[in-house]
Amino acid sequence: MLYDSKTCDKKWQQIWEKTNAFQIKQNSLTTKNKNNNYYVLEMLPYTSGSLHMGHVSNYTIGDIIARFKTKQGLNVLHPIGWDAFGLPAENAARNNGLHPWDWTFNNINEMKKELKTLGFSYDWSREIATANKEYYIWEQKLFIQLYNKNIAYRKNSKVNWCNECKTVLANEQVEDGLCWRCSSEVQISSLQQWFLRISNYSQELLDGLDTLKQWPQRVIQMQRNWIGKSSGANVVFKLKNPTTKQNITTFTTRPDTLYGVTFLSLSINYKELNNIITPEHKDDVNQFIAETKAENAKQDRKEKEQLGVFTGSYAIHPLTGNNIPIYVANYVLDEYGSGALMGVPAHDQRDYGFANKYHINIVPVIAPPNTQDDDSYELPYTEHGTMVNSQQFNGQTSQQSADEIVRLLESKGLGNSEITYRLHDWGISRQRYWGTPIPMIHCDSCGIVPVALEDLPVVLPKDVSFEGDGNPLDRHEEFVNTTCPKCQAPAKRETDTMDTFINSSWYFLRYCDPNNDQSIFDKNAVDSINPVDTYVGGVEHAVMHLLYSRFFVRILRDLGYLSFDEPFKHLITQGMVCMTSYKCPNHSWLYPHEVDNDRCVHCQSVVTVGRAEKMSKSKNNVVNPKEIMEQHGVDSCRLFTMFAGPVDKDIQWSQEGIEGMKRFLGRVYTLVVQNKQHVQARKYTTTNSEISNHLLYHINYTIKKVTNDIESVAFNTAIAAIMELVNVLYKVDTKTLTNDDRKLFGYAVHSVIELLSPFAPHICEELNEIIDGHTDSYQLICKTPWLKYDDNHTTRNTVTIGVQINGKMRSTITVSADASEDEAVKHARQDSKILGYIDGDGSTLVKTIYIKGRILNFIVK
RNA sequence: GCCGAAGUGGUGGAAUUGGUAGACACGCUGGACUCAAAAUCCAGUGGUAGCAAUACCGUGGGGGUUCGAUUCCCCCCUUCGGUACCA
């Protein structure tokens, strides 16, 4: 190895920093420059303590694009910051006695140091941390505006409650229905909490998905299903012996199946339930409810058997007047629809199972199309078809009948058409310390009153105690006790803080104007470079973070802060970095370096080698980026994570793999340094010699391939193409070349550095300096323009195509790229193997299929 | 459970959108260089049979469409991500 990655990495990182190579000028963020501005963003890191390989791969993807777009002449914004609020900081405080503030900012310092040794092209002057009051003041101001517009509101909602710890538990803190800390049983209790009306935007968030042409289809699909629009109808069932004035309203997406309703089922929390159960069924139903609640608290997501119990009451079918038994069932959701379902066992899988179990009637009302009267068909039949057993609708198609049945119900006042969404309002209250304080005050006489704007920010106090139960803010007298802004009477401050997803729903806008202390951000600056052109992050954020950000941009738009609809134009979701785990029978999980030849280095026991899975500290299957950088250099590591596979797939860490990358970089270094004179004398010329044509093809083909592959985020194949070019250049014997061809060869070698520079920026800067450092025109390679290609030289003149007999590969022929079918057939007929099949005994050629440049297929009989 | 993905040699992966399966790497084998090793360079490398030419098999499993399927359709298996208070 001729070059020393350690000193080289550091040298260029310092030069980039000293020359402010990646800072973008604030005055360039004006809508006049919109076409020349480009925004590359990676999801902001949570301040967990140290970087892991997932971060490295995430930020490398963004960095490659940022460097590529810069070389293409665009004005690139590439910022970084910290997602600093959240539960883990509070857990650290309880476990280690470290204040969340200290824990978080120590972590930021450490991670920042590590990030800087990776040489990413960040504009560090725009760094933000969401736990700073300069950041969260704007969330508080916004919250008050949303409260005044009735987008923020309070309602009762359920939480996991641990009676032992006297605290609300996150879902993550509940294990098998038990508190993770004290293992006591978790209760579900109800609290007044703050919500944002994201449901007002359900339809718009759904429609917006159609405009996101550069998002992965799977993410679009997940969001679409998450919003979960269904069109259908409300159907009202009156009670047979009314014990309450309330009718039961059910929601159905299939009003066409109404005549097949043979039971109703209610959720265990149905509000009128007590009035519906008959006295003789009370004990059964109450026992069932208790069992179901216990079962639900377990939170395992295994398949649960559909269970129910009869209430003793009957409803009246709105069209037939039949008696319909009413059940309570464990599979009815109370958040969706009205908490009541109409059961149509003949045409719904779940209802069918339920009816069979409890011996309820099954009445088919839709037959598959073209079914004869005496045909039998399998139930449940869930498709559309022809109406049967449905009075005047018999014989019609079910699609047509659906509308007519709804109209009939409407005329009787027993139903209406309705659109529902699965998406429900966003609960943003957290009964926790480490978050943005919700700027509200509870006054005995005035009720809920927003904090006066001039009193913002409501600063999160530092002097809190984590000894004791619940939210530390509740015990902070100074914080809690305040005066009502309206009547000046003593009042209590809201102690709930905001969900951290709020912090990450708008940070990308603040980067555009991070130091503004007059306003959340300058509208012109934000409009000049948004939506974010390329956004890179994990697919685990497909729904929540990415949906909340889309919601926030719409809120801000409607308040006049910006003038676009969608936050992210192109979304790249990257996979996880995985690693094999090793377990020793005596020493539990081992680090990779504790394993030698599948044996534990401590006790020589044979270790269990697990499948590669997400790197996690608990399994010791982690590699520390810091050590890798020191051992192998930044560029090898970047190259490995990008070469290991497509960016959106999980990659498996491998020691051998990174050594291979190091070897490749060594080859590049040697190639350039050994041919220094030719590269310095480089010139793009053509002499029409064989070698000249050969080089021209490879130069232009590779530039085109790498350019297109970066545009389509296929970094693994881009790197492979550069490797191929390097292999080709190694085979050239420069001694036999003419002077002109040698200059072209120099150009080819130089193009390797240019093309590789977004991927391996440090070594390419070094080589660029070795070649051109002494010249007047020298500039950093991160600033030199991206290479152009000549499309006349990106394809070969001759191609080798396959020759098939009846679709089976039998031979290949080499013909000119645009050879006609006749020419190709003529060539193939000179091949004795082929000839044997075509003109062999008893075989006749019946058809020839020729696809230019691809395949020649003879069909013989 | 529900929603969304993935499955190709010993390994990671490639395959211009239905057209030569295995590019590029890792590993392995052999060779060159060396007193030797490392490093480097060169060559070979899907499986089975064969000295070879070649033949057959082969993209998680089973079926289908097609002259031709890793690619399109149906069924199944396994693994992973999300599931609204982890971020």
Side-chain angles (χ1 to χ4, degrees), chain A residues 1 43-48 83 85-88 91 159-160 168-174 216-226 228 300-304 306 331 335 350 422-432 499-501 504 538-545 547-548 573 575-576 578 611-614 640 643-646 648-661 663-664 666-667 670 708 714 716-717 719-724 727 730-731 799-812 833 846-849 851 853-859:
Chain A
M1 188 70 50
M43 289 183 184
L44 90 171
Y46 179 70
T47 55
S48 58
D83 187 15
F85 275 141
L87 186 58
N91 289 334
V159 291
N160 302 310
V168 175
L169 298 176
N171 288 340
E172 190 192 45
Q173 299 172 312
V174 181
Q217 261 313 304
R218 55 176 170 162
V219 175
I220 303 245
Q221 195 57 45
M222 278 188 260
Q223 291 216 354
R224 186 167 284 139
N225 294 337
W226 187 265
D300 56 345
R301 294 198 163 90
K302 297 273 146 49
E303 182 174 11
K304 283 191 185 125
Q306 287 150 25
Y331 64 90
E335 305 90 28
R350 244 177 356 188
R422 205 186 74 100
L423 180 67
H424 54 245
D425 282 342
W426 177 10
I428 60 151
S429 275
R430 297 293 179 271
Q431 292 70 42
R432 300 188 199 292
D499 180 5
T500 53
F501 275 120
S504 55
V539 72
E540 66 272 21
H541 295 292
V543 176
M544 307 189 70
H545 161 60
L547 190 63
Y548 292 143
T573 51
M576 295 179 303
C578 298
R611 47 160 280 118
E613 53 193 321
K614 186 176 179 169
F640 171 74
F643 184 65
D648 58 342
K649 280 218 212 148
D650 291 353
I651 63 166
Q652 208 177 313
W653 184 259
S654 120
Q655 186 64 30
E656 292 81 18
I658 193 162
E659 277 162 15
M661 292 305 110
R663 198 174 308 158
F664 167 66
R667 271 166 75 79
T670 306
N708 292 345
N716 54 335
T717 50
I719 294 166
I722 301 172
M723 287 174 168
E724 273 182 89
N727 291 345
Y730 257 81
K731 291 197 170 68
V799 288
T800 304
I801 65 169
V803 182
Q804 301 183 333
I805 305 296
N806 292 342
K808 247 188 176 333
M809 278 294 303
R810 293 299 175 187
S811 186
T812 56
K833 264 182 289 180
V846 291
K847 195 178 173 188
T848 306
I849 294 161
I851 310 289
R854 293 256 168 269
I855 201 95
L856 177 63
N857 189 5
F858 293 109
I859 312 302

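In the text below, chain A, chain B and the rest are named by the order of the sequence lines, each starting its count at 1.
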Once rounded to the nearest 0.5 Å, what's the spacing between atom OH of A:Tyr331 and atom CZ of A:Arg350?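 That separation rounds to 6.0 Å.
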Under 4.0 Å, heavy atoms only, any strand: does [X] hit a base, just the sugar-phosphate, or nothing?
{"X": "A:Val159", "result": "base"}
{"X": "A:Pro216", "result": "nothing"}
{"X": "A:Ser504", "result": "nothing"}
{"X": "A:Thr500", "result": "sugar-phosphate"}

Side-chain N or O of [X] versus OP1/OP2 of [N]: is the shortest distance under 4.0 Å?
{"X": "A:Lys649", "N": "B:G7", "result": "yes"}
{"X": "A:Thr800", "N": "B:U20", "result": "no"}
{"X": "A:Asn716", "N": "B:A14", "result": "yes"}

Using the side-chain contact (heavy atoms from CB on, under 4.5 Å) rule, take A:Met723 and A:Phe643 through it: C-alpha gap first, then chi angles, then the decisive distance, then the call. CA-CA 11 Å; A:Met723 287 174 168; A:Phe643 184 65; 3.9 Å; yes
Distance between the [atom1] atoms of [N] and [M], in whole angstroms?
{"N": "B:U34", "M": "B:C57", "atom1": "C1'", "result": "45 Å"}
{"N": "B:G68", "M": "B:C76", "atom1": "P", "result": "27 Å"}
{"N": "B:C75", "M": "B:A23", "atom1": "C1'", "result": "34 Å"}
{"N": "B:G64", "M": "B:U70", "atom1": "P", "result": "15 Å"}
{"N": "B:U59", "M": "B:A43", "atom1": "P", "result": "31 Å"}
{"N": "B:U65", "M": "B:C74", "atom1": "P", "result": "15 Å"}

For the side chain of [X] and the backbone of [Y], is there at least one donor-acceptor N/O pair under 3.5 Å apart?
{"X": "A:Asp83", "Y": "A:Leu44", "answer": "no"}
{"X": "A:Arg422", "Y": "A:Trp226", "answer": "yes"}
{"X": "A:Asn160", "Y": "A:Leu169", "answer": "yes"}
{"X": "A:Tyr730", "Y": "A:Arg667", "answer": "yes"}

At a cut-off of 3.5 Å, list every protein nitrogen or oxygen paired with a nitrogen or oxygen from nucleotides 28-31 of chain B, distance to 0.1 Å.
none

Starting at [atom1] of [X] and ending at [atom2] of [N], how long is that distance when rounded to a whole Å?
{"X": "A:Glu172", "N": "B:C86", "atom1": "CD", "atom2": "P", "value": "6 Å"}
{"X": "A:Arg810", "N": "B:U54", "atom1": "CZ", "atom2": "C1'", "value": "10 Å"}
{"X": "A:Phe501", "N": "B:A87", "atom1": "CZ", "atom2": "P", "value": "7 Å"}
{"X": "A:Phe643", "N": "B:C26", "atom1": "CZ", "atom2": "C1'", "value": "9 Å"}
{"X": "A:His545", "N": "B:C86", "atom1": "NE2", "atom2": "P", "value": "16 Å"}
{"X": "A:Ile658", "N": "B:G27", "atom1": "CD1", "atom2": "C1'", "value": "17 Å"}
{"X": "A:Met661", "N": "B:G27", "atom1": "CE", "atom2": "C1'", "value": "13 Å"}
{"X": "A:Asp83", "N": "B:C86", "atom1": "CG", "atom2": "C1'", "value": "11 Å"}

Write out a two-atom table: protein N or O, nucleotide N or O from nucleotides 2-5 of chain B, distance below 3.5 Å.
| residue | atom | partner | partner atom | Å |
| --- | --- | --- | --- | --- |
| B:C3 | O3' | A:Asn225 | ND2 | 2.4 |
| B:C3 | O2' | A:Asn225 | ND2 | 3.1 |
| B:G4 | OP1 | A:Asn225 | ND2 | 3.2 |

Stepwise side-chain contact (heavy atoms from CB on, under 4.5 Å) check, A:Val803 with A:Lys833: CA-CA 10 Å; A:Val803 182; A:Lys833 264 182 289 180; over 6 Å; no
As a test of reading the structure: which of B:G19, B:A23, B:C24 is closest to the side chain of A:Ile851, going by heavy atoms?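 Nucleotide nearest to A:Ile851's side chain: B:G19.
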Give the nucleotide from the list B:A87, B:A84, B:A23 with an atom nearest to the side chain of A:His541.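 Closest nucleotide among those given: B:A87.
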Show, in sequence, the C-alpha distance, side-chain angles and deciding distance for A:Thr500 and A:Tyr46, and conclude whether the side-chain contact (heavy atoms from CB on, under 4.5 Å) test is met. CA-CA 10 Å; A:Thr500 53; A:Tyr46 179 70; over 6 Å; no
Closest nucleotide of RNA chain B for A:Ile719 versus for A:Ala644: which of these residues is on the 5' side?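 First, find each residue's nearest nucleotide; the 5'-ward one identifies A:Ala644.
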How does RNA chain B read in dot-bracket, base by base from 5' to 3', with Watson-Crick or G-U pairs under 3.5 Å and | used when the partner is on another strand? (((((((..(((......[....)))((((((.......))))))((((....))))..(((((..]....))))))))))))....
Are any protein N/O atoms closer than 3.5 Å to N/O atoms in nucleotides 41-48 of chain B? If there are, list each pair with its distance.
| residue | atom | partner | partner atom | Å |
| --- | --- | --- | --- | --- |
| B:C41 | OP1 | A:Arg667 | NH1 | 2.8 |

Using the test side chain to side chain contact (heavy atoms under 4.5 Å, CB included), find all partners of A:Val799 that sit at least two apart in sequence or belong to another chain.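 In terms of side chain to side chain contact (heavy atoms under 4.5 Å, CB included), with neighbours along the sequence ignored, A:Val799 is linked to A:Ile801, A:Val815, A:Ala817.
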If the glycosidic angle is within 90 degrees of 0 it's syn, otherwise anti, so just tell me which one B:U66 is.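 It is anti.
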Base of B:G46 relative to its sugar, syn (within 90° of 0) or anti?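 The base of B:G46 is oriented anti (glycosidic angle more than 90° from 0).
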Which pairs, protein N/O on one side and nucleotides 65-74 of chain B N/O on the other, fall under 3.5 Å?
| residue | atom | partner | partner atom | Å |
| --- | --- | --- | --- | --- |
| B:C67 | O2 | A:Asn857 | ND2 | 2.4 |

Checking only heavy atoms, does the side chain of A:Gln431 share a donor-acceptor pair with the base of B:C85 at less than 3.5 Å?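 Per atom types, the contact qualifies.
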